[in-house]
Amino acid sequence: MKAFWNALPTEGRWLLSTVAIQTFGRGMTLPFTIIYLHEVRGFELGLSGALMSLIAITGLVVTGPGGTLIDRFGARRVLIAGLLAMIAGCSLLAFATHPAIAAVAVMLIGVNFGVSWPGFNALIASVVDGEVRQQYFGVNFALVNLGIGIGGVIGGFFVNVDDPATFTAIFLIDAATALVPLALLLGPLRHVRTQSDPDDGTAEEPGGYRAIVRRPAVLWLTLLTFLAVFIGYGQMEAGFPAFARQVAGVSTQVVGIAFAVNTAVIVLLQFTVLRLITGRRRTRVMQVMALVWALSWVVLGATGLLPGSVAAAIGVIAYMGVFAFGETMLQPTVPAIYNDLATDRTRGRYNAINSAAFQAGAITGPLVAGVMLGEGLDAWFIALMVAGSLAVGLLASALERVVPAQANGAPSAEAAPR
């Protein structure tokens with residue numbers, strides 16, 4: 001950690017040192033937004049779910065244009081606009097007593113979600129490079145989970161459905177934490193430039209989305225990202241808790257403990273994993289991750305054989321721990337490959353493609369899980385998740401054949417064809 005910190009430029013230290021604070025507010029509201037809409041504001045459950053989906057849908061819609069704007073005007077300006085939308089959205093949602101007001105609020109939040117991923121990734125890639133960049137993405141992921149985890153725990157003790165003011169407070173805190181990155185962008189990071197210089201010789205470089213996606217490396221990587229999120233993060237708020245409750249028969253307390261274990265494993269193991277994967281091909285790391293995730297789904301599936309038992313509870317918690325170990329391999333590798341493939345002129349669009357693939361997987365994952373588990377296809381659901389995990393490993397093999405060696409974390413090897 002000391003060597004990594006010393007290798008960071010000042011701008012990188014500013015960004016990293018505030019990550020947990022930035023995500024603390026998000027952690028306070030993330031688990032409780034649908035509870036707030038349904039139980040506190042009295043919206044129908046179906047409407048509350050639709051409002052939650054509107055965040056992701058809005059984010060997906062603005063991601064493409066956001067990437068183009070990042071490349072044209074710079075990540076800093078786009079991020080400032082997104083953060084202002086986030087502050088306005090959270091503040092509005094804190095007092096939303098009508099569905100129309102809530103809809104406007106969640107769309108504003110969705111705008112920030114759509115531009116923050118490609119924006120901050122582009123900003124990070126402009127500040128750090130090489131192995132330090134890969135390490136940065138991994139450490140950043142651990143700190144994001146730390147902030148969200150602490151926020152979720154504190155929010156759980158603080159909110160009370162019989163006291164709407166407690167929910168108003170957590171949404172205002174979420175808005176206030178967005179002021180931290182806003183202050184960085186207006187202060188210490190005001191000189192960071194992500195867009196290319198018009199005279200840098202890349203003016204003729206093909207940079208449209210169609211040209212980028214036509215690159216075999218980008219196409220395989222995007223498919224891998226979508227599938228990894230579909231069988232991974234897309235199940236965290238739907239497939240996993242539904243299976244744990246309906247099939248494994250465990251309590252909500254066990255589900256809560258499992259999420260806490262997920263956060264703890266990521267925070268505790270991320271540095272160790274980073275040390276182990278440094279200098280190794282990123283596609284090989286993804287293959288290991290795919291096997292780990294396949295194992296985690298087998299563990300969860302086995303809990304259905306002993307529903308309601310202590311063994312099922314242990315299995316549910318173990319699933320989250322094993323899955324989290326796989327997460328520590330995904331986050332340092334995929335964003336690093338995207339940014340090593342990109343140039344300053346196209347970095348915003350490359351990260352926007354990454355973000356769009358992530359959001360598409362996060363939207364379709366819960367839909368498939370809901371249909372399959374709702375129809376009682378529990379075993380088929382687990383089989384699909386295991387097969388999807390193994391398919392991620394196959395996609396990583398296909399990616400390795402076409403990705404440049406340097407982008408794959410092996411600069412000393414002979415470059416693969418583009």
Side-chain angles (χ1 to χ4, degrees), residues 59-72 75 114-115 117-126 129-130 133-134 137 194-196 202-233 281-287 289-290 329-364 388 391-411 413-418:
L60 184 59
V61 169
V62 304
T63 293
T68 302
L69 291 172
I70 289 168
D71 288 332
R72 180 170 298 179
V115 301
W117 183 313
F120 275 111
N121 277 2
L123 203 65
I124 291 167
S126 298
D129 55 15
R133 179 185 292 169
Q134 175 174 291
F137 281 123
T194 59
Q195 68 272 39
S196 64
T202 63
E204 301 301 322
E205 174 193 355
Y209 282 111
R210 183 176 300 180
I212 293 172
V213 175
R214 281 179 177 172
R215 292 185 65 182
V218 176
L219 179 60
W220 286 116
L221 183 59
T222 301
L223 290 174
L224 185 153
T225 303
F226 167 78
L227 185 57
V229 175
F230 175 84
I231 56 99
Y233 297 109
R281 291 181 182 272
R282 292 162 181 165
T283 48
R284 306 287 173 85
V285 176
M286 293 178 198
Q287 290 171 335
M289 179 212 73
M329 303 179 205
L330 178 68
Q331 290 301 328
T333 53
V334 170
I337 294 178
Y338 271 107
N339 282 282
D340 283 351
L341 289 172
T343 65
D344 288 342
R345 183 174 180 269
T346 59
R347 199 172 304 285
R349 277 163 284 189
Y350 271 82
N351 282 292
I353 292 171
N354 179 22
S355 177
F358 191 101
Q359 292 180 69
I363 292 171
T364 56
V392 169
L394 294 176
L395 287 172
S397 297
L399 174 63
E400 184 170 321
R401 292 194 294 269
V402 297
V403 69
Q406 185 173 0
N408 200 18
E414 183 179 350
R418 291 178 183 262

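Numbers for residues simply follow the sequence, beginning at 1.
The two residues I70 and A122 come nearest to each other via the heavy atoms CG2-CB, 4.2 Å. Taking every heavy atom of both residues into account, G208 and R349 meet most closely at N-NH1, 4.1 Å. Nearest heavy atom pair, residue F137 against residue P332, reads CB-CA, 4.1 Å. When all heavy atoms of G114 and S355 are compared, the pair lying nearest together is O-OG, 4.4 Å. For the pair G119 and A75, the tightest heavy-atom approach, listed with the atom from each and the gap, is O-CB, 3.4 Å.
M289 pairs in a side-chain contact (heavy atoms from CB on, under 4.5 Å) with only one of the listed residues (V334, V392, T333), which is V392. A side-chain hydrogen bond (donor to acceptor under 3.5 Å, both in side chains) with Q359 holds for exactly one of T364, T63, N354; it is T63.
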Counting only pairs under 3.5 Å, give me each side-chain donor-acceptor contact of residues 221-232, with atom names and distances, residues two or more places apart or in other chains.
{"from": "T222", "atom 1": "OG1", "to": "V218", "atom 2": "O", "distance (Å)": "2.7"}
{"from": "T222", "atom 1": "OG1", "to": "Y338", "atom 2": "OH", "distance (Å)": "3.0"}
{"from": "T225", "atom 1": "OG1", "to": "L221", "atom 2": "O", "distance (Å)": "2.8"}

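Atom CG of D340 sits about 9.5 Å away from atom CG of N408, to the nearest 0.5 Å. Expressed to the nearest 0.5 Å, how far CZ of R215 lies from OH of Y350 amounts to 4.0 Å.
Looking at N339, its side chain does come within 3.5 Å of a backbone N or O of P335 through a donor-acceptor pair. Under the 3.5 Å distance criterion, the side-chain polar atoms of Y209 are matched with a main-chain donor or acceptor of G64. For the pair R282 (side chain) and A407 (backbone), a donor-acceptor distance under 3.5 Å is present.
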_Walk me through whether M286 and E400 qualify under side chain to side chain contact (heavy atoms under 4.5 Å, CB included)._
CA-CA 10 Å; M286 293 178 198; E400 184 170 321; over 6 Å; no
task = Would you check, one step at a time, whether the test side chain to side chain contact (heavy atoms under 4.5 Å, CB included) holds for L330 with Y233?
result = CA-CA 11 Å; L330 178 68; Y233 297 109; 3.7 Å; yes
Which is it for V403 and L341 under the side chain to side chain contact (heavy atoms under 4.5 Å, CB included) test, yes or no, and what are the steps along the way? CA-CA 8 Å; V403 69; L341 289 172; 4.2 Å; yes
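Among residues two or more places apart in sequence or in another chain, the side-chain hydrogen bond (donor to acceptor under 3.5 Å, both in side chains) test is passed with S397 by Q287. Considering only residues two or more places apart in sequence or on other chains, N121 meets the side-chain hydrogen bond (donor to acceptor under 3.5 Å, both in side chains) condition with N351.
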